[in-house]
Number of protein chains: 2
Amino acid sequence: MCGIVGYIGEKEAQPILLEGLSKLEYRGYDSAGVAIFNGEWIRVEKSKGRLVDLEGKLKSAGLSGNVGIGHTRWATHGKPSDQNSHPHTDEQSQFAVVHNGIIENYLELKEELIGKGYTFTSETDTEVIAKLLADLNDGDLVSTVQKAVARLHGAYALGVLSVKEPGRLVAVRYASPLVIGLGNGENFIASDIPAILKHTRDVYILEDGEMAILEKDRVQLMKIDGTPVERDTLRVTWDLDKAEKSGYEHFMLKEIYEQPKAIQDTMASRISQEQVDLSQEISLSSQVIQQIDKVQFVACGTAYHAGLVGKYVFEDLTRIPVEVDIASEYRYRNPIITERTLVIVISQSGETADTLAALREAKKAGATVLAITNVVGSSVAREADQVLITWAGPEIAVASTKAYTSQLIAIYLLGTYFAQMRGTCTVEDAKQIVSELTRLPQRVEAILEQSAKIKDFAAQIVNHEHLFFLGRGLDYAVALEGSLKLKEISYIHSEAYAAGELKHGTLALIEEGIPVISLATQRAVYEKMVSNIQEVKARGAYLLGLTVEGDQELQKSVDAVLHLPETLDILSPVLAVVPLQLVAYYACVARGFDVDKPRNLAKSVTVE
Amino acid sequence: MCGIVGYIGEKEAQPILLEGLSKLEYRGYDSAGVAIFNGEWIRVEKSKGRLVDLEGKLKSAGLSGNVGIGHTRWATHGKPSDQNSHPHTDEQSQFAVVHNGIIENYLELKEELIGKGYTFTSETDTEVIAKLLADLNDGDLVSTVQKAVARLHGAYALGVLSVKEPGRLVAVRYASPLVIGLGNGENFIASDIPAILKHTRDVYILEDGEMAILEKDRVQLMKIDGTPVERDTLRVTWDLDKAEKSGYEHFMLKEIYEQPKAIQDTMASRISQEQVDLSQEISLSSQVIQQIDKVQFVACGTAYHAGLVGKYVFEDLTRIPVEVDIASEYRYRNPIITERTLVIVISQSGETADTLAALREAKKAGATVLAITNVVGSSVAREADQVLITWAGPEIAVASTKAYTSQLIAIYLLGTYFAQMRGTCTVEDAKQIVSELTRLPQRVEAILEQSAKIKDFAAQIVNHEHLFFLGRGLDYAVALEGSLKLKEISYIHSEAYAAGELKHGTLALIEEGIPVISLATQRAVYEKMVSNIQEVKARGAYLLGLTVEGDQELQKSVDAVLHLPETLDILSPVLAVVPLQLVAYYACVARGFDVDKPRNLAKSVTVE
């Protein structure tokens with residue numbers, strides 16, 4: 001995780017770095033720091049806590065200078081503390097380093113450096129880099145960095161300053177994102193574009209194994225071994241305003257309410273004459289699509305839950321066997337892949353480290369890789385063979401909402417498109433799915449209009465520390481996502497169960513008053529679901545039931561019921577998840593926690 | 001769930017029924033009851049709570065008579081209460097019924113009967129049957145039962161008495177187990193053999209859609225439509241003693257300590273000349289085995305967790321793609337099955353309703369079905385095409401232990417056998433696996449010798465209501481099982497995570513002092529696992545680490561460490577699960593709960 005920024009130019013670096021870091025807090029926010037070079041020495045200020053704590057420290061005694069680096073941290077090695085905050089330096093403060101990623105061999109390097117007499121003040125892997133730079137210092141910043149990087153195993157985006165070279169800032173990327181911003185008499189580095197968008201729209205996106213040497217009037221790109229790299233600048237056309245809250249109290253609530261538009265935007269250009277047409281984006285021939293004999297969805301967290309829906313959808317529509325894997329598991333389990341395997345990776349940010357690594361494994365093994373991602377130009381988008389963008393717009397809240405429903409839409413589009421190509425659904429079936437898809441935005445609106453009722457339900461659960469979700473089939477996949485939302489922001493220990501599985505152990509945890517949220521939107525298993533609801537009801541659970549408009553039965557068995565608009569069973573996840581997002585949101589607000597920045601979590605998980 | 005017994009003969013029925021019910025408490029124990037017919041009228045006594053509560057009621061005023069039925073209940077419709085206990089009768093007590101199963105259309109039938117003026121005293125589905133018998137009464141018990149059963153949808157094993165026919169007891173089976181015991185001048189019905197083993201070893205196993213008419217000197221079998229059925233009696237050869245605690249404080253502890261023997265027994269006759277030989281039991285030709293292009297493991301609860309290990313083992317050894325499904329999900333999701341699909345169902349009891357239904361679905365769709373089960377002659381064993389018995393012996397504790405490790409052994413044997421046949425492992429590889437398999441019993445012994453240390457760790461967690469398990473790969477599969485054990489009996493809300501997935505949401509729940517049990521037995525992901533351990537450690541978690549003998553690193557990062565004997569990575573689940581079983585056991589004892597009979601749960605889940 002973590003966010004890094006850097007500045008070199010003629011202005012005061014401090015305010016530019018702090019403003020940049022404020023746009024990167026979604027990448028981590030347990031501590032922050034800056035190192036500023038005034039031409040003579042490098043001074044560091046850092047602080048545990050939010051960026052505002054660092055700003056407080058700098059208010060009384062600011063740092064002056066025209067070159068600097070900054071960091072906002074999400075702890076991996078060592079707890080959040082002043083000592084563990086970045087930047088890190090060597091003992092003489094010759095070098096200052098900010099780092100995003102994990103150095104896997106840091107313990108080994110640390111022992112070696114301690115053996116040589118270096119002393120460490122933090123528990124981080126990053127401090128090893130600063131000491132290593134001092135140890136390998138040959139008087140030239142660039143070649144010293146090259147030598148140090150050659151010793152590192154793991155993932156890193158680095159910004160490095162040297163007290164000997166006032167006019168230079170060096171950046172290196174390996175398996176962690178980094179962009180270079182090109183200004184007029186000034187240049188920038190950052191983990192993500194919003195951090196520099198106020199200053200420039202012209203950027204280079206650094207690739208793995210590359211470094212950049214920034215001077216105020218010049219940027220040189222090269223491979224780590226020194227081979228020069230030529231790259232066109234990329235012009236960023238989107239607007240920072242999109243990342244604002246537009247009047248909502250929290251980004252998450254704003255993003256929940258943006259779902260009708262996100263769904264609409266993700267479908268819009270892909271439906272033609274009542275059929276799905278992805279031929280402008282997916283360059284797989286009908287023949288190739290017909291030869292696919294296995295689909296593997298690979299993702300993490302919420303995107304993994306979208307993949308679970310994908311299994312039902314693809315198997316149902318295309319009759320291709322589907323596996324769904326957690327990316328961190330997939331990449332190490334030697335998965336069975338052939339040339340006829342299609343791997344579909346899903347990542348909102350397109351930078352999720354495990355998903356990216358899984359993508360690379362799958363490609364190496366000969367699979368075709370298709371990415372569903374929300375970020376154009378992200379690593380996942382660049383490296384996949386095929387890309388389907390979800391047009392949800394920037395998602396800032398750590399708890400994903402509109403990205404998830406947009407991923408579902410991408411999956412429906414893809415599933416229907418493949419089914420059309422493979423002849424596993426008729427023109428009429430496809431028409432029906434398309435027609436129901438296009439009605440989803442208004443149906444989500446209808447659920448959002450019931451928010452007062454959902455808020456009332458959330459009020460019933462806020463004093464509980466345990467909660468269960470139940471569902472069968474697609475409802476189970478949605479239950480998992482609803483449970484994750486609640487955990488992430490309300491810190492209620494919730495858990496989702498396939499309803500038929502509860503009695504194989506977990507039913508022991510159900511006691512008087514425990515809230516249970518039961519989804520009963522799938523007609524084929526409706527009766528079985530009611531039986532399971534009776535089982536938990538008999539143990540005294542407090543039940544919220546989700547069912548479909550017109551059902552008058554469920555309310556007899558539950559304490560509160562919410563009716564969702566009618567749609568095809570297969571499409572119901574898009575509707576069923578919305579009240580669950582709102583339950584999590586209102587529970588979090590009522591419990592007084594920070595909705596958009598839950599403890600311990602960061603938005604884009606770029607470490608493993 | 002539920003257990004039913006019935007007696008007809010010349011002795012007093014009451015003590016025979018109570019003794020039989022005591023052997024069936026593993027099927028449910030939230031209430032119990034008996035109905036006894038003295039030749040003139042039927043009297044019922046029933047009570048919420050354990051069997052001992054019913055016995056207390058009967059001590060002061062026993063019921064006399066030579067015909068009777070009894071029931072031990074596990075609530076599905078309606079809470080445990082005196083009213084909801086079985087047997088149920090009609091308003092005039094003309095008929096008495098005990099029932100195991102679920103009547104799915106009971107609400108509809110209930111409304112119809114209420115419309116006719118019947119009044120109900122319980123919330124159960126079963127009472128509907130008693131009232132239906134009264135409503136359809138044509139003066140003949142057998143034909144009245146036939147008419148009533150024709151109206152029922154769902155699963156049922158029934159025992160029925162009629163006040164008009166003192167010399168008869170009628171039993172019906174559909175999708176719930178039922179055996180008929182044949183005595184000398186007396187006959188019996190029971191949900192399972194132990195209930196009648198004291199009186200006879202000669203039994204009929206009733207099949208779906210059959211009924212039995214018991215008189216004291218005669219038993220007639222027929223289909224529900226009256227077609228006579230001929231069946232050989234089955235002679236039970238195993239001994240009731242096996243189901244005793246042999247000096248351990250609880251069945252669960254006894255069964256944990258029986259694991260070396262269970263593992264040994266499950267392997268013994270299946271290894272020959274350092275290779276696996278299943279040809280005496282599995283009648284699949286080498287050609288058929290080579291043509292299998294997909295394996296689907298289907299199971300519930302603990303057996304499902306064995307299936308998760310099965311995926312790793314089979315994919316690794318045989319390179320056949322494997323899916324693992326929860327049975328209650330599999331049967332409704334229209335799975336993709338061809339003639340080259342092998343479905344492996346796993347069920348300790350062989351009576352798990354969802355697993356049995358999944359087995360039937362798979363067979364209907366053309367798959368070959370292989371069953372791994374602990375009970376010879378169980379429904380699953382009888383209906384599968386191929387059977388591999390786990391020789392773990394009777395498992396009485398609700399929380400499964402030795403059945404699980406024996407299921408793992410069956411999976412290793414099967415995986416290795418298939419790999420030998422398919423040529424995906426060399427003779428030397430197979431030799432190595434076999435050699436390590438045969439060492440597992442002594443290695444499990446070595447872990448059991450560390451029980452004092454494990455007890456100490458358990459003492460650290462007893463006051464916590466939340467706990468997490470972490471693992472990668474096979475360690476993740478074991479973590480899921482460890483977590484289930486803890487939930488089932490200690491009622492601590494524990495949850496297992498793929499270690500790389502934690503930071504995608506659930507990390508928000510980790511706070512100071514929360515216990516986390518981390519498994520690090522898999523060499524290929526050891527370093528990644530240590531990184532994940534650092535992440536939770538940085539949030540203040542209290543960590544127990546499981547690693548392999550000789551590892552001196554993990555103890556630097558955790559609060560307590562337990563070393564497992566060395567074995568092949570692929571076999572480590574058999575060892576790693578043992579300390580987790582003991583942690584759950586000691587935590588349960590320390591918290592003062594009933595180890596062998598956890599609340600809300602029953603041993604063999606024969607309802608959906």
Side-chain angles (χ1 to χ4, degrees), chain A residues 75-80 102 104 294 300-302 304 312 315-316 319 321 323 326-329 332-336 354 465-466 472-473 476 484 487-489 491 493 495 498-501 503-510 524-525 527-528 531 534-535 538-540 598-602 605 608, chain B residues 75-80 102 104 294 300-302 304 312 315-316 319 321 323 326-329 332-336 354 465-466 472-473 476 484 487-489 491 493 495 498-501 503-510 524-525 527-528 531 534-535 538-540 598-602 605 608:
Chain A
T76 56
H77 294 71
K79 297 190 189 200
I102 286 181
E104 287 177 5
K294 183 161 59 179
C300 300
T302 290
Y304 169 71
Y312 289 88
E315 291 202 341
D316 191 35
R319 300 307 284 164
E323 294 177 20
I326 294 170
S328 64
E329 291 294 309
Y332 297 113
R333 77 163 170 84
N334 189 13
I336 298 169
D354 281 315
E465 296 304 324
H466 305 270
R472 284 173 175 259
Y476 171 45
L484 180 62
K487 279 180 183 164
E488 281 182 304
I489 59 170
Y491 315 148
H493 191 178
E495 201 175 354
E501 190 67 358
K503 67 173 76 67
H504 294 279
T506 306
L507 196 57
L509 295 180
I510 302 292
V525 289
E527 285 194 15
K528 304 284 172 189
S531 288
Q534 302 274 2
E535 286 162 13
R539 271 88 195 170
R599 70 183 178 204
N600 299 343
L601 301 182
V605 184
E608 292 161 20
Chain B
T76 55
H77 294 72
K79 298 191 188 200
I102 286 182
E104 287 177 6
K294 183 161 59 178
C300 300
T302 290
Y304 168 71
Y312 289 89
E315 291 202 342
D316 191 34
R319 302 306 285 162
E323 295 177 21
I326 294 170
S328 64
E329 290 294 310
Y332 297 113
R333 77 164 170 83
N334 191 11
I336 297 169
D354 281 315
E465 296 304 323
H466 305 271
R472 283 173 176 260
Y476 172 45
L484 181 62
K487 278 180 183 165
E488 280 182 305
I489 59 170
Y491 315 148
H493 191 179
E495 202 175 354
E501 190 66 358
K503 67 173 76 67
H504 293 279
T506 305
L507 197 57
L509 294 181
I510 302 292
V525 290
E527 285 192 14
K528 304 284 174 190
S531 288
Q534 301 274 1
E535 286 162 14
R539 270 87 196 172
R599 71 183 177 205
N600 299 342
L601 301 181
V605 183
E608 292 161 19

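Note on naming: letters A, B, ... go to the chains in the order of the sequence lines (proteins, then strands), and numbering restarts at 1 for each one.
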Not counting sequence neighbours, which residues clear salt bridge (Lys or Arg N to Asp or Glu O under 4.0 Å) with B:Glu488? List them please. B:Lys485
Under a 4.5 Å heavy-atom cut-off, does chain A meet the side chain of B:Arg539, its backbone, both or neither? side chain
Portion of B:Leu484 that has a non-hydrogen atom of chain A nearer than 4.5 angstrom: side chain
Among [options], who wins on heavy-atom pairs under 4.5 Å with chain A?
options	answer
B:Ser328, B:Gly301, B:Ala508	B:Ala508
B:Ile326, B:Asp316, B:Asn334	B:Asn334
B:Gln534, B:Glu315, B:Glu527	B:Glu315

Contacting region of [X] [heavy-atom separation from chain B under 4.5 Å]:
X	value
A:Arg599	both
A:Glu501	both
A:Leu601	side chain
A:Tyr491	both
A:Ile489	neither
A:Glu323	side chain

Has the side chain of A:Lys294 got a donor or acceptor atom that lies under 3.5 Å from a matching backbone atom of A:Ile336? yes
Donor-acceptor contact present, side-chain B:Asn600 to main-chain A:Ile510, <3.5 Å: yes
Is B:Glu495 paired with B:Lys487 through a side-chain N to carboxylate O contact shorter than 4.0 Å? no
Checked A:Ala498, A:Cys300, A:Gly78 vs chain B; the most non-hydrogen pairs under 4.5 Å come from A:Cys300
Would you compute the distance between atom CD of A:Glu535 and atom CD1 of B:Ile102 and round it to the nearest 0.5 angstrom? 5.5 Å
If you round to the nearest 0.5 Å, how far is NE2 of A:His504 from OG1 of B:Thr302? 9.5 Å
Does any non-hydrogen side-chain atom of B:His466 lie less than 4.5 Å from one of A:Glu465? yes
Less than 4.5 Å apart, any side-chain heavy atom of A:Lys528 and any of A:Arg472? yes
